[in-house]
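Notes follow once the structure below has been shown.
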Amino acid sequence: MRIPLYIEFSGKNVLIIGGGGVGTSRAKKFLSAGARVRVLSIEFSDELKEMDVELIKGDARDESLLEEHIGWCDLVTVAIPDTSVNDAVVRLAKKHRALVNLANDAERTEVVVPFDGEVDGIRFAVTTEGKSGVVARAVRDKFLQILREDEELLNLLRAMDFLKRYMKENEVPVNVRMKMYFAVSGDEEFKRLVREGRIEEAKEFAIKYLREYLEGKRDVDDSVVKINF
Ligand SMILES: C[C@@]1(CC(=O)O)c2cc3[nH]c(cc4nc(cc5[nH]c(cc(n2)[C@H]1CCC(=O)O)[C@@](C)(CC(=O)O)[C@@H]5CCC(=O)O)C(CC(=O)O)=C4CCC(=O)O)c(CCC(=O)O)c3CC(=O)O
Ligand SMILES: NC(=O)C1=CN([C@@H]2O[C@H](COP(=O)(O)OP(=O)(O)OC[C@H]3O[C@@H](n4cnc5c(N)ncnc54)[C@H](O)[C@@H]3O)[C@@H](O)[C@H]2O)C=CC1
């Protein structure tokens, strides 16, 4: 089963097999994340020729060539119509401990490159695992619209991010931090300030709440904490 992860790609080596439309879009994505990108292909798109990527002219059916470049990479993407090279890619990637993305075989791919979106620091990724890119795109757009219209949620993120940083900087112990996240975010006064977009006041309220708790002026029941690690 595949699980979602956000992985730092800067400094990682990515090999893309196939320099057509799909290979070019993958190259852009990994390059913008700071990866070193190498494209192995018979032909290259004009766009790729202008990009900061290494172009290796060759046929992926040549196994020694394939192994040389798979040995270099952390992740290999197959973006050619011919699925017959997939077996060799999967085998060599296993040998050299590289991750495999098969853009030409959604069922078999180890890594999925999802449709992703971001609104003011909230990131999400959507995949139908190959059932339909059109639908995954529509879901992505729907999520974007929902988040953009939810000013309250975006304000809550700003206030909660501030509270977390404040407590970590001030070395508030983790059990108290966990308690505060749930207690403060569930407090009616805090919620009202967030709803009304009064972020600075919400931040001040959160710090005051924390101080009162630490000074024993406020009692918070352990049951407010919704998760226990
Ligand atoms: C498994 C996966 C590969 C992976 O993980 O790498 C995969 C596989 C395949 N896609 C196909 C087709 C389409 N792909 C798109 C678009 C995108 N597809 C992407 C990801 C993924 N595509 C992964 C899972 C995503 C999921 O399913 O949820 C995006 C996000 C990222 C990217 O490609 O860089 C990119 C967004 C670009 C953007 O946002 O601009 C569109 C629509 C469109 O462009 O709107 C269509 C046509 C319509 C359709 O098919 O619905 C085909 C069939 C080819 C054939 O029939 O031969 C296969 C192969 C197969 O199914 O085996
Ligand atoms: N978003 C996705 O994940 C999508 C995936 N696909 C899949 O990706 C495949 C590639 O799509 P496009 O980039 O549009 O095709 P394309 O035909 O534009 O590009 C293919 C590239 O691969 C190169 N190539 C072909 N055989 C090769 C070999 N043996 N060794 C080295 N290079 C070789 C060609 O020179 C060309 O540059 C499609 O056949 C389809 O299966 C298609 C659409 C979307």
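All values reported here derive from a predicted model rather than from experimental measurement. Index from 1, following the sequence. Indexing begins at 1, ligand by ligand and atom by atom, following the structure's order.
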Handout entry: V22, any N or O under 3.5 Å of ligand 2 N or O
Key = yes
Exercise for the section: Would you kindly check if the NZ (Lys) or CZ (Arg) of R140 is within the cone defined by 45 degrees around the ring axis of F124 and under 6.0 Å from the six-membered ring centre? Expected result: no
Problem - Polar contact flag for I42 and ligand 2 (N/O pairs, less than 3.5 Å) - result: yes
Exercise for the section: Mark up the atoms of ligand 2 that fall under 4.0 Å of a heavy atom belonging to G19, in ascending order. Expected result: 21 (C), 22 (O), 37 (O)
Exercise for the section: Could you tell me whether D87 and R108 make a salt bridge, using a distance below 4.0 angstrom between a side-chain N and a carboxylate O? Expected result: yes
Practice task
State whether the shortest distance between N or O atoms of S41 and N or O atoms of ligand 2 falls below 3.5 angstrom.
Solution key: yes
Completion exercise
One finds that the ligand 2 atoms under 4.0 Å from a non-hydrogen atom of R61 are 29 (N)
Problem - NZ or CZ of K203 within 45° of F162 ring axis and under 6.0 Å - result: yes
Practice task
For K191, check salt bridge (Lys or Arg N to Asp or Glu O under 4.0 Å) against everything at least two apart and list the hits.
Solution key: E188
Practice task
Report the C-alpha separation of D62 and S64 in whole Å, then their side-chain angles, then the decisive distance to 0.1 Å, and conclude whether the side chain to side chain donor-acceptor pair (under 3.5 Å) test is met.
Solution key: CA-CA 6 Å; D62 174 347; S64 64; 3.1 Å; yes
Completion exercise
Under 4.0 Å from one or more heavy atoms of D59, ligand 2 contributes atoms 28 (C), 29 (N), 30 (N)
Handout entry: Atom indices of ligand 2 within 4.0 angstrom of E43 heavy atoms, with elements
Key = 35 (O), 37 (O)
Practice task
Look at atom NZ of K57 and say whether more than 12 heavy atoms of other residues, nucleotides or ligands are closer to it than 6.0 Å.
Solution key: yes
Practice task
Give the contacting part of A60 toward ligand 2: side chain, backbone, both or neither, where contact means a heavy-atom distance below 4.0 Å.
Solution key: both
Exercise for the section: Have a look at ligand 2 and work out which part of R26, if any, has a heavy atom under 4.0 Å from it: side chain, backbone, both or neither. Expected result: side chain
Exercise for the section: Indicate yes or no: does an N/O atom of G21 lie under 3.5 Å from an N/O atom of ligand 2? Expected result: yes
Handout entry: R198 bridged to E204 by N-O distance under 4.0 Å
Key = no
